[in-house]
Amino acid sequence: MTATPSAPGDGLVRTGGIVFVVGAVATLITMAPLFLGTDPFPPIAYGVCMLMGVGFAISGAGVLRSISAQRRAARRSA
């Protein structure tokens, strides 16, 4: 099995995906009391839900970094 080399931005995309998943799970947990009729969580729990957007932004930065590295490589080879 041949391992593909890590491209610039791959780490950011992975990190952003993990942060996004943590935010998504926090959102599900935070919304559960609305459907179960229990007391809502404290406001900090809603702040953790914002990690979805942060993760999306981190992944986007990784994609843009990868794009710029590919453009530089294409310019060097041309």
Side-chain angles (χ1 to χ4, degrees):
M1 181 177 270
T2 305
T4 58
S6 179
D10 283 355
L12 284 173
V13 172
R14 278 191 213 103
T15 303
I18 292 168
V19 172
F20 181 86
V21 168
V22 169
V25 169
T27 300
L28 291 173
I29 292 170
T30 304
M31 293 305 200
L34 296 173
F35 298 110
L36 300 175
T38 60
D39 290 334
F41 288 107
I44 191 71
Y46 294 97
V48 175
C49 295
M50 298 300 155
L51 288 177
M52 283 178 67
V54 172
F56 190 74
I58 292 171
S59 292
V63 169
L64 292 176
R65 185 171 181 209
S66 176
I67 289 170
S68 71
Q70 288 176 3
R71 283 185 177 178
R72 276 184 300 225
R75 272 191 229 126
R76 272 186 261 147
S77 67

Report all side-chain donor-acceptor pairs from residues 62-74 shorter than 3.5 Å, counting only partners two or more places apart or in another chain.
unit_1 : atom_1 : unit_2 : atom_2 : d
Ser68  : OG     : Arg65  : O      : 3.0

Pair up each side-chain donor or acceptor in residues 46-61 with any protein partner under 3.5 Å, not counting sequence neighbours, and list the distances.
unit_1 : atom_1 : unit_2 : atom_2 : d
Ser59  : OG     : Val13  : O      : 3.4
Ser59  : OG     : Gly17  : N      : 3.4
Ser59  : OG     : Gly55  : O      : 3.2

Please list, one pair per line, the donor and acceptor atoms closer than 3.5 Å that link side chains of residues 22-37 to other protein atoms, with sequence neighbours excluded.
unit_1 : atom_1 : unit_2 : atom_2 : d
Thr27  : OG1    : Gly23  : O      : 2.8
Thr30  : OG1    : Ala26  : O      : 2.6

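Hydrophobic cluster of Ile44: no remaining members, since no ILVMFWY side chain lies below 4.5 Å from it.
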